[in-house]
Peer 1: 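Dumping the structure here so I can ask a few things about it.
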Amino acid sequence: MTLPFAIIAILIIAAATAAMTLRNLIHSALAVAVSFGGLALAYLYLDAQFVGLTQILVYVGAVAILIVFAVLLTRGGEAPEKSVFSASWIWGLLITMSVFATLAWSVLHSFASQREPAEKVGATVKQIGDALMTKFVLPLEVIGLLLTAALIGAVIIAMRDESPKTKMEDGRSKMDKSSVPSSILHPPSSTGGRQ
Amino acid sequence: MTDSLDQIFVFVKHWLLDQLANVLPPAIMPLVSSVMSLLPVLVVFPSLFALTTVFERKGLGRIQNRYGPNRVGPFGFLQFAADGIKAIIKEDVVPRAADKVVHFIAPVILVITALTVYAVLPFGRNMVAADFDAGLLFFFAVGAASELAVFMAGWSSRNKYALLGAMRAVAQMVSYEIPLILSSVAVVMITGTLSLPKIVAAQSTHAGLLPDWFVFTPWGFAGFILFLIAANAELNRSPFDLPEGESEIIAGYFIEYSGFKFALFFLAEYLSMFALSGLGITLFLGGWNAPFAALEFIPSWAWFFIKLLTMIFMFIWTRGTLPRLRQDQLMNLAWKFMIPMVLVNLVAAAVWHFTGPGITRWFTSGALVLGAYMLLGKPQFESKDIGKRTYRFAD
Amino acid sequence: MTPLVGYLLLSAFLFAIGLAGALTRRNAIIVLIGIELMLNAANLNFIAFWRYGENPEVLTGIMFVIFAIAVAAAEAAVGLALIIAIYRHYKTTNLDEVNTLKG
């Protein structure tokens, strides 16, 4: 148990706990972004440089932004007055505790507890690229298909239900009228220097 | 002689390290080494920021037929000192409804991310603070974290203009990050590495008159232009300054910031401008390489900064020339022009790579890029209802 | 305690936090965040096993995490789109109130 590992572990746990207990949804989203960043640090500390940086790029740069947008689109920016925990929270907590107890027991009694650390290993970007293009090329293609499907699916699900009348209009005026504030519709002509 | 001038900072660092090694325990020497690599960055780029603010105001003044700052110091060049003192002694107003903690850490995170990306930029031969194997990925990963900081600034202010500006900024940055990354991927495909010093090394040779910079290839030229447009949008600079459009939403996401925190936003904005310019130089303009073999007596770091100042001038020029886009034009440009273009550009780079040396690859790759532009760009930009621009005062 | 056990325990605890959030919170977005945390706990396990495992040069752990990150990004996009669709229909994201199959 080294000092960097302890710091990273405390950061991850504290941020994740904050994300799950804070009342304000935006605070939760920001805390979970910190937790994702802590995990990226853990990956970097485990010599998995590429994965750590991908973690930051995807989770802090994209997923956290998505969550924040979803919170604002569902008007969750303010903390609710009622309880934020569900009615059956006691059962959830009991299930969680039993799951954690099982996991911790099996970890402590597994072969892993006897395992001595291996010497320093690393995965260069070239090795990862070679593996992706040879051994893992089929999963790569499947992931491409999955991401395309997810992209189209997410757009279709989140798309507004249009009445037949508004469907006749072209895409631009639809966007202008429904989702863009009026200040954007009438831009002033000046370039507006900061000076 | 030229060699020692080229490596002068490297020598100074090693000499200082040797001196320190006598007094400090060896365990912390790697840490001391990185700190000594990063300290110059912390000094040079904020001072460049100070100078650039003056240059930008003078340059914009020249473009817009006015004087610009001319009171403080010779020709107004000490204006940055006056601005800095003003920013520090101003009262720091935090709105009563604001989320105090988030409001405070947003500009700090922004400046930290803007400074962190310099760790992987090569400023000269053997002058890179951290030679990551995945340096380019590091640059984009840290840059992506700044989007969240922008959102935090806008949301925590509890101001409708700030929130509107933050949403505009995040939407714009997410949209333009894709062309920014994909235009760099073309370079990665050709060089086969994500390490920025290796990308510079791949451009260090000369082929005939022209150096082997990627900007002098069809795909590299198109990639460089796309990179510049995407970088301009990523930096929220005019003509993509909708997130802070003064005449619409006053100052966007940093409207509720005053005093020193406001200055921090400006610092972060300019630092990321320098960083993205440096990345563009590294990827397409040959990094710290001299353009001609005869000019190699000028030190490599000097070449980097000459190119950097040229890029900064281009950004200022663009800002003084182009009017602001509308929101729908902004998104159309990103999704209907930039992203298809960078995808075609990737194919063009692959064709260039696999055709082999010769004149054919110039034609095939160039025809791909040009054809895509004719198909995608021309119909969009040749708008019917906008006539030819006429000038009444300036000739 | 070997380093591997430290990472596995950290991952188990992170999984438990995510599970607790997913099971006890009312808001659908927090439930989704909890699921993301659980996925990340699994990723940490993969990386720890790759680093301290038998054959690190095979890169299977790294590959699995890269694919898991891609799948998680797709999952987040579709999940949040579903939440927005639910919000549009029920005018709430409180899962206790979303209890009818018929709109």
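Below, read A as the first sequence line, B as the second, and so on, with proteins coming before strands; counting in each chain starts at 1.
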Peer 1: Is it the case that atom CZ in F64(C) sees more than 12 heavy atoms from other parts of the structure closer than 6.0 Å?
Peer 2: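 Atom CZ in F64(C) is not crowded, with 12 or fewer foreign heavy atoms closer than 6.0 Å.
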Peer 1: At a heavy-atom distance under 4.5 Å, which candidate from G61(C), A76(C), A20(C) has the highest pair count against chain A?
Peer 2: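 When all of G61(C), A76(C), A20(C) are compared, A20(C) has the most.
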Peer 1: Given that the side chain runs from C-beta out, which part of V65(C) has a heavy atom under 4.5 Å from chain A: side chain, backbone, both or neither?
Peer 2: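 The side chain, not the backbone.
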Peer 1: Chain C heavy atoms under 4.5 Å from A62(A): which part of the residue, side chain, backbone, both or neither?
Peer 2: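 Contact with chain C involves no heavy atom of A62(A) at all.
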Peer 1: Can you tell which of V142(A), I8(A), I12(A), I13(A) has the highest number of heavy-atom pairs within less than 4.5 Å of chain C?
Peer 2: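 Going by pairs under 4.5 Å, I would pick I13(A).
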Peer 1: Would you tabulate the side-chain donor-acceptor contacts of residues 26-39 of chain A under 3.5 Å, counting partners in other chains and residues two or more places apart, or write 'none'?
Peer 2:
from: H27(A); atom 1: NE2; to: D99(B); atom 2: OD2; distance (Å): 2.5
from: S28(A); atom 1: OG; to: A19(A); atom 2: O; distance (Å): 2.8

Peer 1: Anything under 3.5 Å between a donor and an acceptor, one on a side chain of residues 35-44 of chain C, the other on a protein residue two or more places apart or in another chain? List them.
Peer 2:
from: E36(C); atom 1: OE1; to: Y59(A); atom 2: OH; distance (Å): 3.4
from: N40(C); atom 1: OD1; to: Q55(A); atom 2: NE2; distance (Å): 2.9
from: N40(C); atom 1: ND2; to: E36(C); atom 2: O; distance (Å): 2.9

Peer 1: Only pairs of heavy atoms separated by less than 4.5 Å count here; which of I67(A), L93(A), T54(A) has the most with chain C?
Peer 2: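 Top option by heavy-atom pairs under 4.5 Å: I67(A).
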Peer 1: Angle between ring planes, F100(A) versus F13(C), binned at 30° and 60°: parallel, tilted or perpendicular?
Peer 2: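 Geometry flag for F13(C) against F100(A): perpendicular rings.
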Peer 1: Count the heavy-atom pairs under 4.5 Å between each of V51(A), L103(A), L151(A), V58(A) and chain C, then report the option with the highest count.
Peer 2: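 Maximum pair count with chain C is reached by V51(A).
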Peer 1: Under a 4.5 Å heavy-atom cut-off, does chain A meet the side chain of I66(C), its backbone, both or neither?
Peer 2: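 The side chain, not the backbone.
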Peer 1: Quick one: what part of I90(A) sits under 4.5 Å from any heavy atom of chain C, side chain, backbone, both or neither?
Peer 2: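 Contact with chain C: none, neither part.
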Peer 1: For a 4.5 angstrom cut-off between non-hydrogen side-chain atoms, does V31(C) reach R26(C)?
Peer 2: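 Of all side-chain heavy-atom pairs linking R26(C) with V31(C), none is under 4.5 Å.
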Peer 1: If I measure from the heavy atoms of chain C, does L140(A) come under 4.5 Å with its side chain, its backbone, both, or neither?
Peer 2: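 Both backbone and side chain.
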Peer 1: Examine whether an atom of I152(A) lies under 4.5 Å from a heavy atom of chain C, and if so say whether it belongs to the side chain, the backbone or both; otherwise answer neither.
Peer 2: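 Neither part, no heavy atoms under 4.5 Å.
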Peer 1: With a 4.5 Å cut-off on heavy-atom pairs, point out which of L80(C), V78(C), L32(C), V71(C) contacts chain A the most.
Peer 2: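 When all of L80(C), V78(C), L32(C), V71(C) are compared, L80(C) has the most.
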Peer 1: For L19(C), is it the side chain, the backbone, both or neither that has a heavy atom under 4.5 Å from a heavy atom of chain A?
Peer 2: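 Both backbone and side chain.
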Peer 1: Can any side-chain N or O of E141(A) pair as donor or acceptor with the backbone N or O of L138(A) at less than 3.5 Å?
Peer 2: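 Not a single qualifying donor-acceptor pair exists.
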Peer 1: Could you check Y7(C) against F49(C) for side-chain contact (heavy atoms from CB on, under 4.5 Å), going step by step and ending with a plain yes or no?
Peer 2: CA-CA 9 Å; Y7(C) 282 104; F49(C) 276 123; over 6 Å; no
Peer 1: Distance-only, no hydrogens or angles: does the R25(C) side chain make a donor-acceptor pair with backbone N or O of M20(A) under 3.5 Å?
Peer 2: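 It does hold such a pair.
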Peer 1: Under a 4.5 Å cut-off applied to non-hydrogen side-chain atoms, are F46(C) and I62(C) in contact?
Peer 2: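 Side chain of F46(C) against side chain of I62(C), heavy atoms only: no contact under 4.5 Å found.
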Peer 1: If you count heavy-atom pairs under 4.5 Å with chain A, which of I86(C), L82(C), T60(C), I83(C) comes out on top?
Peer 2: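 Looking at each option in turn, the highest pair count goes to L82(C).
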